[in-house]
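The next block holds one structure in the form of structure tokens; read it before the comments.
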There are 2 protein chains.
Amino acid sequence: MAIDRDSVLKAAVGVLSRQPTAHLDEIARAAGISRATLHRIFPGRDALIREVGLLALRKYNAALDTAAIEDGDAQLALRRLAEVLVPDAALCAFLAGENQLFDDPELCALWENQDARVRALFLRGQQEGVFRIELSASWLSEAFFDLLAGVGWAVQDGRLAPRDSAFALIELFLGGALRRTSTS
Amino acid sequence: MAIDRDSVLKAAVGVLSRQPTAHLDEIARAAGISRATLHRIFPGRDALIREVGLLALRKYNAALDTAAIEDGDAQLALRRLAEVLVPDAALCAFLAGENQLFDDPELCALWENQDARVRALFLRGQQEGVFRIELSASWLSEAFFDLLAGVGWAVQDGRLAPRDSAFALIELFLGGALRRTSTS
DNA sequence: CTCATCTGAGACATCCATGTCTCAGATGAG
DNA sequence: CTCATCTGAGACATGGATGTCTCAGATGAG
């Protein structure tokens with residue numbers, strides 16, 4: 001039963017990250033179950049959306065722990081974080097597209113807590129002289145998440161190869177688009 | 001009358017870029033008119049969304065022309081483009097969040113045409129040795145747009161000062177988050 | 001096999017946004 | 001002032017997604 005919940009949530013992410021207004025029929029079909037069974041697992045649409053949001057935030061938080069972003073060199077910590085997050089980029093794309101989620105105080109608090117950890121990572125990196133100080137830590141955090149969501153969308157639509165996605169994200173975010181003529 | 005259309009569209013962008021599922025009531029209120037008048041200007045919700053999409057694409061295209069992205073140094077061309085686009089970042093945020101728009105063949109063709117111009121800009125920059133070749137031109141194009149939409153959201157929610165937005169976008173995208181220790 | 005449980009299909013009822021209409025008040029030109 | 005036009009408020013019908021229910025068939029343990 002618990003396995004069913006997770007597989008349904010996973011399927012829901014695949015649909016909702018691209019089409020936040022998808023009907024429950026489509027979500028059920030994507031999960032390989034009927035609309036009736038979907039209703040048996042989740043009381044309603046709102047509950048389903050909320051569960052997906054919780055899953056996304058849990059995975060995000062787990063990624064912060066796995067990557068141990070509070071430890072070691074800030075740049076390496078961010079690289080670890082990207083490697084861990086990219087496989088679940090679709091979840092971040094879902095979070096980015098489902099703004100209604102932030103009406104929920106609990107989800108909002110979870111998000112704020114986790115975003116603070118990421119901001120702290122960038123602030124630490126700035127203090128260590130690793131990250132640029134001309135760009136605020138909050139903007140770096142937000143931009144990192146925007147690009148992560150973008151990776152999720154691009155992979156889902158087949159515009160970006162999953163194997164290239166971590167490289168594309170971290171290289172663009174860390175190094176930018178300009179060729180470093182001074183170091184070549 | 002034509003002035004009314006534009007002001008309504010402008011208000012609609014402000015609402016829809018943050019909440020793509022906003023009711024027509026909210027849009028009408030945001031525009032300072034009644035739902036009845038909104039219906040008099042636009043036949044229905046679909047028509048309104050489509051008009052906003054067309055406006056966004058027209059502005060985007062005008063920005064490409066104004067910035068003359070086909071001329072001169074690729075980096076400078078991109079900087080000009082960012083400067084011109086940032087004031088209308090909310091429109092790009094709307095485009096990014098309204099995936100349903102791309103069911104329309106006309107809008108889809110317009111987008112594809114304009115995105116091709118941006119991709120060509122990056123390809124040119126890569127050939128000139130300005131942009132990195134490890135990242136594909138299409139990914140650079142997509143990431144640029146993702147960050148642009150992110151700027152739009154951040155400004156709308158008050159997380160980013162409008163005056164800083166162009167700098168934040170172009171500096172992060174071109175130079176990345178890393179401090180350039182080798183050049184300092 | 002037998003029975004309990006789960007599932008899918010379908011038939012409803014319900015809710016809500018949308019679309020349409022009317023009418024009274026406001027606006028503005030003459 | 002007078003009339004034409006526009007607007008806002010509200011009532012009303014409509015459509016579609018959602019939520020609930022039933023029932024027959026499938027599954028699976030004993």
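All chains are named by letter (A, B, ...) in the order of the sequence lines, taking the proteins before the strands, and each is independently numbered beginning at 1. Hydrogens, waters and symmetry mates play no part in the numbers below; they use all other heavy atoms, side chains included. Everything quoted here is computed from the prediction, not taken from an experiment.
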*Measure the distance from CG on B/Asp46 to P on D/dG16 and round it to the nearest whole Å.*
12 Å

*What string of B, S and - do you get for nucleotides 10-18 of chain C, 5' to 3', if B is base contact, S is sugar-phosphate-only contact and - is no contact with any protein heavy atom under 4.0 Å?*
-B-----SB

*Between A/Thr37 and C/dG8, is there a side-chain N or O to OP1/OP2 distance below 4.0 Å?*
yes

_Applying ring-ring contact (aromatic ring centres under 6.0 Å, His included) as the test, list every pair that has at least one member in residues 12-47 of chain A; sequence neighbours left out._
none

*Partners of A/Arg117 by side chain to side chain contact (heavy atoms under 4.5 Å, CB included), sequence neighbours excluded?*
A/Asn61, A/Leu64, A/Asp65, A/Ile69, A/Glu70

*asked:* According to ring-ring contact (aromatic ring centres under 6.0 Å, His included), does anything in residues 60-92 of chain B pair up with another residue at least two apart or in another chain? List the pairs.
replied: B/Tyr60-B/Trp111, B/Tyr60-B/Phe145

_Test: salt bridge (charged side-chain N to carboxylate O under 4.0 Å, His left out). Region: residues 23-32 of chain B. Which pairs qualify, not counting sequence neighbours?_
B/Asp25-B/Arg35

*Work out which heavy atom in B/Arg124 is nearest to a heavy atom in B/Gly72; give both atom names and the distance.*
NH1-O, 2.6 Å

Identify all side-chain donor-acceptor contacts of residues 162-174 of chain B below 3.5 Å with residues at least two apart in sequence or on another chain.
from: B/Ser165; atom 1: OG; to: B/Pro162; atom 2: O; distance (Å): 2.6
from: B/Glu171; atom 1: OE1; to: A/Arg132; atom 2: NH2; distance (Å): 2.5

_I need the CZ-P distance between A/Arg5 and C/dT7, as an integer number of Å._
14 Å

*Can you name the side chain to side chain contact (heavy atoms under 4.5 Å, CB included) partners of A/Ser138, sequence neighbours left out?*
A/Arg119, A/Ser136

*How far does the helix from C/dC1-D/dG30 to C/dG30-D/dC1 bend, going by the axes of its first and last five pairs, to the nearest 10°?*
30°

*asked:* Expressed as a whole number of angstroms, how long is the span from A/Leu48:CG to D/dA17:P?
replied: 17 Å

*Sequence neighbours left out, what passes side chain to side chain contact (heavy atoms under 4.5 Å, CB included) with A/Asn113? Give chain and number order.*
none

*Rounded to whole angstroms, how far apart are CZ on B/Arg29 and P on D/dT7?*
19 Å

*Report the distance from atom CZ of A/Arg40 to atom P of C/dG8, rounded to the nearest whole Å.*
8 Å

